[in-house]
Amino acid sequence: MAEPVQTPHAFATRIFSGIQPSGGLTLGNYLGALKRFVEKQDEGIETIYCLVDMHAITVWQDPVKLRQQTREAAAGFIAAGIDPARSILFNQSQVSAHAELAWIFNCVARMGWMGRMTQWKDKTAGQNSENASLGLFAYPALMAADILAYKATHVPVGEDQKQHLELCRDIAAKFNNDFGVNFFPITEPVIEGAATRVMSLRDGTKKMSKSDPSDQSRINLTDDADTIAKKIRKAKTDPEPLPSELDGLKDRPDARNLVNIYAALANITPAQVLADHGGAQFGSFKPALADLAVSVMGPITTEMNRLMQDTAEIDRILGEGSVRANAIARPIVDEVYDIVGMIRSRML
Ligand code: TYM
């Protein structure tokens, strides 16, 4: 069971999180983020979920594909259980408060903070960083703006976003300190469950990612049952049977990954998976995992495909979500302008 969320002092509990529509959603996105977004919504907490299209364009995106992937991600959210009536679901670029607050944060955050981000280092490794977009460098300031435009107190994410969330806390603290206010909450990351870091099916030491050149490395939310089963059957493993205790997985990243995926899909702990399957060879564990994955993911894929038949309805949902998001973020960002010392006399 997840720990009950603790609200940072004086701020009402509000959850915000986002996913980039820069490619199809993967099993990593589903288990590490989306499934948990649904759980938070179903706990009755106020939840705001965003398709961060402005983050996506920090690296080149084909405009036609970006629009399609944004709709597909929205369909994926709804198919996975996000209810647009209970959660706010929208795409970032429709709410200008994000870009506006990001600019303020560009002036609060320091170059050195950005330069230390491992994502920046990874994405520019072996390449001339002079050629990376300025947006890619400033990416974490926009991410902090996403969160703090709503004064969100908790952000469910996978393990890979931890450093960005620490930066968000640093930005909030520096803003509060620079201007002598207690305006922004020091947001808590919520990184929990068995699948906070789903690894590649081809290499258990690398994160499963939509940008991996090998499609065999990941399960996509759009994969059909056959493809899912085939990818799991071909997943890299070692020749040993599964251990009965967690300790036995220590130096076996590929085996550990499959056990964690099983646990997350079945809503049990990795220890329980080993209690049930300890001693089993991969020849029998993989088909059991494939059946489980197909039974969980299959209905989501089917529903997502059905929703994609009516893109006007998806656009309508995103539009409605944007109006609701704007109603929360606008007054917060207006207050930020006031704190910073800007004149707001227009009559718009
Ligand atoms: P993105 O789009 O890379 O991933 C979206 C979410 O999925 C999680 N995730 C994973 N979890 C477990 N295993 C994996 N292999 C895996 N791959 C991805 C990520 O941790 C994330 O929670 N910068 C963010 C998007 C963002 C955001 C925000 C998130 C922009 N603004 C504000 C939270 C709050 C990103 O690129 O996530």
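Source: prediction; values computed, not measured. Heavy-atom basis, side chains included; hydrogens, waters and symmetry copies ignored. When a ligand or atom number is given, it counts from 1 through the structure's own listing order.
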Taking the side chain from Thr153 and the backbone from Arg14, do they hold a donor-acceptor pair closer than 3.5 Å? yes
The option among Val157, Asp160, Asn257 carrying the non-hydrogen atom nearest to atom 19 (C) of ligand 1 is Asp160
closest protein heavy atom to atom 23 (N) of ligand 1 is Tyr139 OH, 2.6 Å
In ligand 1, the atoms that come under 4.0 Å of a heavy atom of Ile147 are 32 (C), 34 (C)
The residue among Val190, Thr196, Leu165 that forms side-chain contact (heavy atoms from CB on, under 4.5 Å) with Val157 is Leu165
To the nearest 0.5 Å, atom CE of Met297 lies from atom CG of Leu292 at 10.5 Å
- Message: For residues Ile219 and Met304: do they belong to one hydrophobic cluster (side chain heavy atoms under 4.5 Å, members Ile, Leu, Val, Met, Phe, Trp, Tyr)?
- Response: yes
In terms of its nearest heavy atom to atom 21 (C) of ligand 1, the top option of His98, His164, Gln161, Met143 is Gln161
Query raised in the report: Side-chain heavy atoms under 4.5 angstrom apart, residues restricted to Ile, Leu, Val, Met, Phe, Trp, Tyr: same cluster for Met54 and Met117?
Result: no
Requested in this report: Kindly say whether Ile82 contributes a backbone atom to a donor-acceptor pair with the side chain of Arg86 at under 3.5 angstrom?
Outcome: no
Short version for Ala195: what comes under 4.0 Å of ligand 1, heavy atoms counted, is backbone
Checking heavy atoms under 4.0 Å, the part of Val155 that sits near ligand 1 is side chain
Which of Thr26, Asp215, Asn29 passes side-chain hydrogen bond (donor to acceptor under 3.5 Å, both in side chains) with Asn220? Answer is Asp215
> So, is the end of the Lys174 side chain (NZ or CZ) under 6.0 Å from the ring centre of Phe105 and within 45° of the ring's axis?
Replying inline: no
Numbered in order shown, the ligand 1 atoms found under 4.0 Å of a heavy atom of His55 are 30 (C), 31 (N)
Here the atoms of ligand 1 under 4.0 Å from any heavy atom belonging to Gly32 are 11 (N), 12 (C)
heavy-atom search around atom 12 (C) of ligand 1 in the protein gives Thr196 O, 3.3 Å
Of all protein heavy atoms, the one nearest atom 11 (N) of ligand 1 is Gly28 O, 3.3 Å
- prompt: Is the shortest N/O to N/O distance between Asp146 and ligand 1 below 3.5 Å?
  reply: yes
Should Pro156 be counted as touching ligand 1, given the test is an N or O pair under 3.5 Å?
-> no
Within 4.0 Å of some non-hydrogen atom of Arg197, the atoms of ligand 1 are 12 (C), 13 (N)
Gln20 heavy atoms within 4.0 Å reach ligand 1 at atoms 2 (O), 35 (C), 36 (O)
Note: heavy atom closest to atom 9 (N) of ligand 1, options Thr58, Val198, Asn29, belongs to Asn29
* To do: For the pair Phe90 and Phe16, name the ring-plane relationship: parallel under 30°, tilted 30 to 60°, perpendicular over 60°.
  => perpendicular
Can a donor-acceptor pair be found, under 3.5 Å and without considering hydrogens, that links the side chain of Gln309 to the backbone of Arg306? no
Numbered in order shown, the ligand 1 atoms found under 4.0 Å of a heavy atom of Gly158 are 11 (N), 19 (C), 20 (O), 22 (O)
Within 4.0 Å of some non-hydrogen atom of Lys207, the atoms of ligand 1 are 15 (N)
Here the atoms of ligand 1 under 4.0 Å from any heavy atom belonging to Ala33 are 6 (C), 7 (O), 22 (O)
- Query: Are Ile268 and Val198 connected in the hydrophobic side-chain network, where two residues link if heavy atoms are under 4.5 Å apart?
  - Reply: yes
- Taking the inter-plane angle between the rings of His277 and Phe285 on a 0 to 90° scale, is it parallel (under 30°), tilted (30 to 60°) or perpendicular (over 60°)? perpendicular
For atom 25 (C) of ligand 1, the closest protein heavy atom turns out to be Gly18 O, 3.7 Å
| request: Decide whether the shortest distance between a heavy atom of Lys210 and an atom of ligand 1 is less than 4.0 Å. | output: yes
